[in-house]
**Student:** 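Attaching a single structure in C-alpha cells format; questions to follow.
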Amino acid sequence: MTDLPHSADAVVVGGGILGAATARALARTGMKPLLLEARAFGGAVTGASLAAIGTHMHGIEEYPLLRHAGQLWSDLAEATGNPFEYNRQGKLCYILHPEDRAVGADWVAREQALGAEVALLTPEEAREREPLMTGPLIGATWAPDTATVNPFLGLRTVLRLAREAGATAVANTPVTALRIDGGRIAGVETSCGAVSAPHVVLTGGPWTARLAAMAGIVLPIRPRQAQCLASMRQPPGTIRRVISACERAGGVDSGYTQIQQAASGQVLFNTVTAPFDPPEGAQDHIHEVPPGFVLESIETLLMLFPSLAAQPLLRSWVRFEGVTPDSRFLAGSLPLPGLHVAAGDNGSGYCRALMLADHLVAAVTGAGGLPEDLAALAARFYAPMRFAQRDAA
Amino acid sequence: MSAETVLIRLNGREVSAPVGQPLAQVLTAVDPALRFSPKDKAPRGMFCGMGLCFECMVEVDGLRRRSCLTPVSAGMVVRTGEGAA
Amino acid sequence: MTMAADLLSCDVAVIGAGPAGLAAAKEAAAAGADVLCLDLYDRPGGQYAMQPGDPSGPLAASEAARLGRDLAEAARAAGVRLLSRAELFWAAPEGEGFLLYAALDGGAGALAVRARAVVVAAGAMERPLPFPGWTLPGVIGAGAAQRLVKSGGALPFGGKVVLAGTGAFLMAVASTFAKAGRRIDHFVERQPLRPLSSLTMLAPWPSRWSAAAGLLADLRRTGAQQHHGHAVTRALGRDRLEAVEIAPVDALGRPDLSRAERIGGVGALCIGYGFQPVIDATTALGADHAHNPALGGWHCLARPDSGETSRPGLYAAGETCGIGGMRPALVSGRIAGLSAAARVLGRTPDPGLMRSLAAELAKARRFAVSLAAHWPAPEAPPVPLPEAEVICRCEDVRLSDIRAAVQAGAAETFAVKMWTRAGMGPCQGRVCGAALAAALAEAGVPPGQAGYNRAHLPLRPVPMNAVHAALARTARPDTPGTGPA
Ligand SMILES: Cc1cc2nc3c(=O)[nH]c(=O)nc-3n(C[C@H](O)[C@H](O)[C@H](O)COP(=O)(O)OP(=O)(O)OC[C@H]3O[C@@H](n4cnc5c(N)ncnc54)[C@H](O)[C@@H]3O)c2cc1C
Ligand SMILES: Cc1cc2nc3c(=O)[nH]c(=O)nc-3n(C[C@H](O)[C@H](O)[C@H](O)COP(=O)(O)OP(=O)(O)OC[C@H]3O[C@@H](n4cnc5c(N)ncnc54)[C@H](O)[C@@H]3O)c2cc1C
Ligand code: FES
C-alpha cells in the first residue's frame, strides 16, 4: 500500500474511470498527479457499469466528440494488447411499434449525414445479426461502431498506465476538505493528512456536488438510481450485440433498455422506465434493486429472447449515477482558480472518459488536450460554468 | 438401501438409480467430475453437499439445478460436463 | 413466461426448518400467530436433525433424527404451515412488514409471501479453507459426507475414505458413519490427542459425558487409522482425487512438510475446519452483523432476550447468529418465535419466561464457547498455499490475483471482489470468504475491518421465469427498492 505524499502537481479526487483517465492524461504531460479514492478503485459507478462505447442515438451535436472518444478506447485496446476485453460487436436498437420506426429512421439519416455507417434493418436482417432475438420486433437500427469493454479491467488498465506514467494512486483515502489560499485552490485534506497542490480535479461521480460544495461552489449534479441484472453464464454467442430500445416517438423518458453478454458469459440487462428521485445521500448506502424494476427487465429480456426463460438470474446491483439537468457532462475549470471538474454523466460516462480526460489536460495545463476542432466543441458543450455559481455565503 | 430403482438418462445413456436419492450421489458414482470451471476448464465435483456452493450444478430437464438438492425421479434427462452450468 | 405463483400471507414467516426455525415456528404458532415456515430441503430438520433418506434404516432411530421428527410434528400440531423445497431468494421490506419470494422445487415453481414479521434461522455451513488441490473432484466437506451418508447409501466415490480437519464435528461425522455401518480409512485431526485437557474441558458438563464417550467408541467402530496432530497438506490427482498427503503439525498448527506421508488410492477426502453462519438473508435485509472468530466469524446480531435484529420486525435465531450447536439453536428459536408472535399480536411476551429462556441460552452458549476454545478453528489456511491455488472456485480467481489486488490498494473484501471477481459467482462469496479474509489479514487488515461479501439479490440463482412469477404477485414498476442498509 502506498503512503500519502505531502504535495503533488495536481490532486484528482475520485478513483472511478474518470479519475483514473484524468490522472493518466495529466501524468502523460510530465506532471506528477495524485489520485485519491475514498474507498476502492472502481468500486462505485465504474465497476457496476455495462461500459458500452459508442455514438449511436447519443446525440447529434456531441457526435464528433463521441466518435473520438470511441476511437481512443479502440486505440488503447490496440496499444495495450487489449487486456480489457474491448469488443466491437455493434449495437442493435429494436423497434416494436410502427410509430417508432420514423424515429429510428430519422436517427439513422442524421448520423449517416455525419459519416456514420448506421443502417435501418428489417426484422430478418436484425435476426441475422442476433439469431436468438426472436421477439416481435418490426425492425431495428444498426450501428456497427459500438463496442463494450470489461469495466473493471478497463479501469485496472487505465490505472496501471497512470501509475506507469508517473501518477500516484491511493485508495481508502477520502478527501474531507479543499484547501483554498489567496483566492485559489491550494490542495486537499484527507482522512490521512493534507496534500498541497496547485490543481485539484473533482471526479467524484455522484458525490461531485458535495466535493464542489467544499469550495462553496454549487453544482447541479444529482444522484440517479441505476441498476443492472445478470444471468448465470450462457454459452458464447447467446447474445452477440449490444441490444437497446430504439428511442420512442414519445421522447427519451419513454424507456431505456440495454442488454449484452459479457465475456464471462453472463447476460447483463436493464430496463429503466420510471426514474424516481432518490433521497438525499442515497449514494452513500448499499441498496437493493426494486422488485418492479426486476419484473420489467425480465419481461423485456424474455420478450426479445424467449429461449432464456429457464436460465437462472444470478445477481442484481444498484448504483447512483451523477446527472445534470441537461444530461451533459460538466468538464473543465470551475470559478476558483486551480479547481476543475469532470462529472455528471447521464449514465454513459464510461464511453467518454478518455476523451474528457484529454479535454481536462488543456484546462489544467493550458496546453495539449483534444484536437483543435473538438476542443472548441468540448469547451462549449461541457462548460461547467453553464451551471456553476458562487455560493452567496 | 432398498428403495425402488428407476431409469434416468445421463448424457444420452440410460442409468439406473434409486428414486429419491440425491442426484449428485448417482452422478458422482459414474464420474465425480460434474462440470468444468469457467476459466481454467478444470473438472469440478460436488463440494458442500448442502446447496450453497453451486459446484454440483448440472442440467436436469432443461433447468440448471444443484444435483445435491435434486432427488432422482424416473425419466429425468441429465446433462453434465460441457454444456451444463 | 407462463409460470404462475401463489401469494400467501402470514403473521410470522420463518426461514429455515432446522432446530432453531422449527422451535421458533412452533412457539409463534402456539402463541396464536399464523405461521409459515419455509425450508430449502426435502424434509424439515436442517443439519443436525436432518431426516435420513431411509425412514427404517439405522440412522432413523438416532437422537438427532428423533429430535427433528418431534420438532416438525410439534410445529405442525401447533398449526404451522411447513413448506419444504422452498428457498427464499428475495426479500424486501413493505411498510411495517416484509415481502418474501421463494423458489419451489429448485425453480420449477415460485411463491410470494407477505409477512408481518420474519424469523431467519438459516443455520450454518462449512467454513472452507483452501489447501493445495482442494478443487479436485473427490474433495468434499465433512458436512457433505455426513449428509450423503444420512440421505442413504455409501459415499459415491470409489477408493479409500479420509476424514480430516479439526473439531468436535469430525467426531460427529465419524459417529454417523459408524451408525450407518460405513467404513472410514483414515481420520486426520489437526489437534494432538489431549485426553487430560479434554477431560478438564468436559468436567463441568456431566450431561455430555456419555455422548462424548459414545463418539470416541463410534470413531473406533469406523475402523479408521487415526492420525492426531496431523493435517492434510495436499490433495493429488489429475482429473479427480487420487491421493492425499498428510504431515504432523507443530504446537502452532504448522505442518512439517518434510515429514509428509502419502495415502494412495483415495476416493473421497472429507474435510472440515469448522462452520460459519449463513447470513445471506439477514445481510440482504440490512440487519447489523459483527465478527467474532469464536462464533464462526461474521454473524447476525440479535438481542439475546428477544432475537430481534437491528431491523424492526426481523428476528434471527440459531446458527445465523453464531455457531453454537443444536442446544443454543433450540432456545434462541423459542425466544425469537415468542417475540415475533408478540410483536404481530400486539402483546408483550411473559417477562419471567423470557428471562429464564435468556439464562438457558447463555448457559448453552457457554458450553459451545468452551468447546470452540478446546478445538479452535484455524483462521488461515492450514498449509502455505502456492500462488497459483484457486481461492474463488466460482470465478477461478487465484491467490496471486488476490495478492495483486491487495498490492494495488484493495483493503477490504469488497475491493478485492471488484478487482478480481472473487465472490461474484453463484455462491456469493460464501465459499471464498474465509480465505479472502485470511489473505487480507496477511496484508495487515483484521477480519473485522475486511468486512464480508454482502449478499445481493437473488440470494441464490433462480430461473428468470420463476423470479418473474413470484415478483409479479406483488410488485409493479413503481414498487420502491430496499432502503439504505
Ligand atoms: C448499470 C450501469 C450501466 C452503465 N452502462 C454504461 C454504458 O453502457 N456505457 C457508458 O459509457 N457508461 C455506462 N454507465 C455509466 C458509467 O459507468 C459512468 O458514467 C462512469 O463509470 C462514471 O465514472 P466516474 O469516475 O465519474 O464515477 P465513479 O465510478 O462513481 O467514481 C467516483 C469515485 O469518487 C470517489 N469519491 C467520492 N467522494 C470522494 C471523496 N470525498 N474523496 C475521494 N474519493 C471520493 C468514489 O468513491 C468513487 O469511486 C453505466 C452505469 C451503470 C450504473
Ligand atoms: C453440514 C452440517 C452438518 C452438521 N451436523 C451436525 C451434527 O451432526 N451434530 C451437531 O451437533 N451439529 C451439527 N451441525 C451443526 C448444526 O448446524 C447445528 O447443531 C444445528 O443444526 C443448528 O440449527 P439451526 O436451526 O440453527 O440451523 P440448521 O439446522 O442448519 O437449519 C437451517 C435450515 O435453514 C434452511 N435454509 C437456509 N437458508 C434458506 C433459504 N434461503 N431458504 C429456505 N431455507 C433456508 C437450511 O436448508 C436448513 O434446513 C452441522 C452443521 C452443518 C452445516
Ligand atoms: S455440492 Fe454445493 S451446492 Fe451441491
Side-chain angles (χ1 to χ4, degrees), chain A residues 1-2 15 37 39-44 46-48 152 155-156 159-160 163 169-173 225 227 229-233 264 266 273-274 276 279 281-282 284-299 301-303 306 308-318, chain C residues 1-3 89-92 99 101 103 107-108 112 283-286 395 404-412 414-421 424-426 428 443-444 454-458 460-468 470-472 474-485:
Chain A
M1 281 171 240
T2 326
E37 163 54 38
R39 200 172 166 189
F41 294 119
T46 294
F152 317 101
L155 175 95
R156 279 170 61 165
L159 193 59
R160 173 174 60 76
R163 282 171 160 152
V170 186
N172 302 300
T173 311
Q225 187 164 332
Q227 40 248 322
L229 303 175
S231 78
M232 278 185 74
R233 291 170 201 282
S264 67
Q266 295 169 346
T273 45
F276 49 89
D284 301 339
H285 302 281
I286 300 173
H287 289 242
E288 292 299 340
V289 176
F293 167 84
V294 178
L295 271 184
E296 283 212 353
S297 296
I298 293 179
E299 268 162 22
L301 178 74
L302 299 187
M303 178 261 295
L308 296 178
Q311 293 306 317
L313 180 68
L314 174 72
R315 199 76 101 242
S316 64
W317 58 86
V318 171
Chain C
M1 233 165 39
T2 46
M3 194 187 288
F89 70 86
W90 201 290
L99 288 172
Y101 306 97
T283 56
L285 275 167
E395 296 288 330
V406 172
Q407 193 61 39
E412 52 176 330
F414 166 74
V416 172
K417 167 169 150 185
M418 294 311 270
W419 196 261
T420 65
R421 297 185 71 91
M424 284 192 189
Q428 297 240 28
R454 181 183 182 284
H456 285 286
L457 304 168
R460 322 275 165 87
V462 176
M464 287 191 270
N465 52 1
V467 173
H468 186 272
L471 266 55
T474 56
R476 280 324 316 168
D478 51 353
T479 319
T482 314

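Letters go in sequence order (proteins before strands), and every chain restarts at 1. In this text the structure is predicted, and so the values were computed from the model without any measurement.
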**Student:** To the nearest 0.5 Å, what is the distance between CE on C:M418 and CG on A:L155?
**Tutor:**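 Atom-to-atom, C:M418:CE and A:L155:CG are 9.5 Å apart.
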**Student:** Roughly how far, to the nearest 0.5 Å, is the CG atom of C:L471 from the CD1 atom of A:I298?
**Tutor:**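 Rounded to the nearest 0.5 Å, the CD1-CG separation comes to 7.0 Å.
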**Student:** What part of C:A408 gets closer than 4.5 Å to chain A, counting heavy atoms only: side chain, backbone, both or neither?
**Tutor:**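 Both backbone and side chain of C:A408 come within 4.5 Å of chain A.
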**Student:** Working to the nearest 0.5 angstrom, can you tell me the gap between A:L308 CG and C:N465 CG?
**Tutor:**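 Between A:L308 CG and C:N465 CG, I get 10.5 Å after rounding to 0.5 Å.
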**Student:** Relative to chain C, which segment of A:Q266 carries a heavy atom at a distance below 4.5 Å: side chain, backbone, both, or neither?
**Tutor:**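 Contact with chain C: side chain only.
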**Student:** Taking all heavy atoms of A:N172 and all of C:G409, pick out the closest pair and write down the distance.
**Tutor:**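 Looking at all heavy atoms of both residues, the closest pair is ND2-O, 3.3 Å.
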**Student:** Please check this pair: side chain of A:R156 against backbone of C:W419, looking for a donor-acceptor N/O pair closer than 3.5 Å.
**Tutor:**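 Yes, the answer is positive, given that a donor and an acceptor are paired below the 3.5 Å cut-off.
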**Student:** Just by modelled atom types, is the C:P426 backbone N or O under 3.5 Å from a matching donor or acceptor in the A:R315 side chain?
**Tutor:**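 No, A:R315 side chain to C:P426 backbone: no donor-acceptor pair under 3.5 Å.
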**Student:** Heavy-atom distance under 4.5 Å between the side chains of A:L301 and C:M464, does that happen here?
**Tutor:**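 Yes, at least one pair of side-chain atoms sits under 4.5 Å.
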**Student:** Quick one: are A:L313 and C:W90 in side-chain contact, heavy atoms under 4.5 Å?
**Tutor:**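 A:L313 reaches C:W90 side chain to side chain.
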**Student:** Let me know if C:F414 has heavy atoms under 4.5 Å from chain A in its side chain, its backbone, both or neither.
**Tutor:**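 Just its side chain gets close to chain A.
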**Student:** For A:L159, is it the side chain, the backbone, both, or neither that has a heavy atom closer than 4.5 Å to a heavy atom of chain C?
**Tutor:**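 Side chain of A:L159 only, per the 4.5 Å heavy-atom cut-off to chain C.
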**Student:** Does any backbone or side-chain atom of C:E395 lie under 4.5 Å from a heavy atom of chain A? Answer side chain, backbone, both or neither.
**Tutor:**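 The answer is both parts of C:E395.
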**Student:** Do C:M424 and A:S264 pass the side-chain contact (heavy atoms from CB on, under 4.5 Å) test, and can you show the C-alpha distance, the side-chain angles, and the key distance before you say yes or no?
**Tutor:** CA-CA 11 Å; C:M424 284 192 189; A:S264 67; over 6 Å; no
**Student:** Who among C:A103, C:A415, C:G107, C:G425 has the most heavy-atom pairs with chain A under 4.5 Å?
**Tutor:**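 When all of C:A103, C:A415, C:G107, C:G425 are compared, C:G425 has the most.
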**Student:** Using every non-hydrogen atom in the two residues, find where A:A310 and C:P463 come nearest and quote the distance to one decimal.
**Tutor:**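 Shortest heavy-atom separation between A:A310 and C:P463 comes out as O-CB, 3.5 Å.
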**Student:** Would you mind checking which part of A:T46 comes under 4.5 Å of any heavy atom in chain C, side chain (CB onward), backbone (N, CA, C, O), both or neither?
**Tutor:**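 Neither part.
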**Student:** Roughly how far apart are C:K417 NZ and A:F152 CZ, rounded to 0.5 Å?
**Tutor:**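 CZ of A:F152 is found 9.0 Å from NZ of C:K417.
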**Student:** Checking A:S231 against chain C: side chain, backbone, both or neither under 4.5 Å from a heavy atom?
**Tutor:**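 The side chain, not the backbone.
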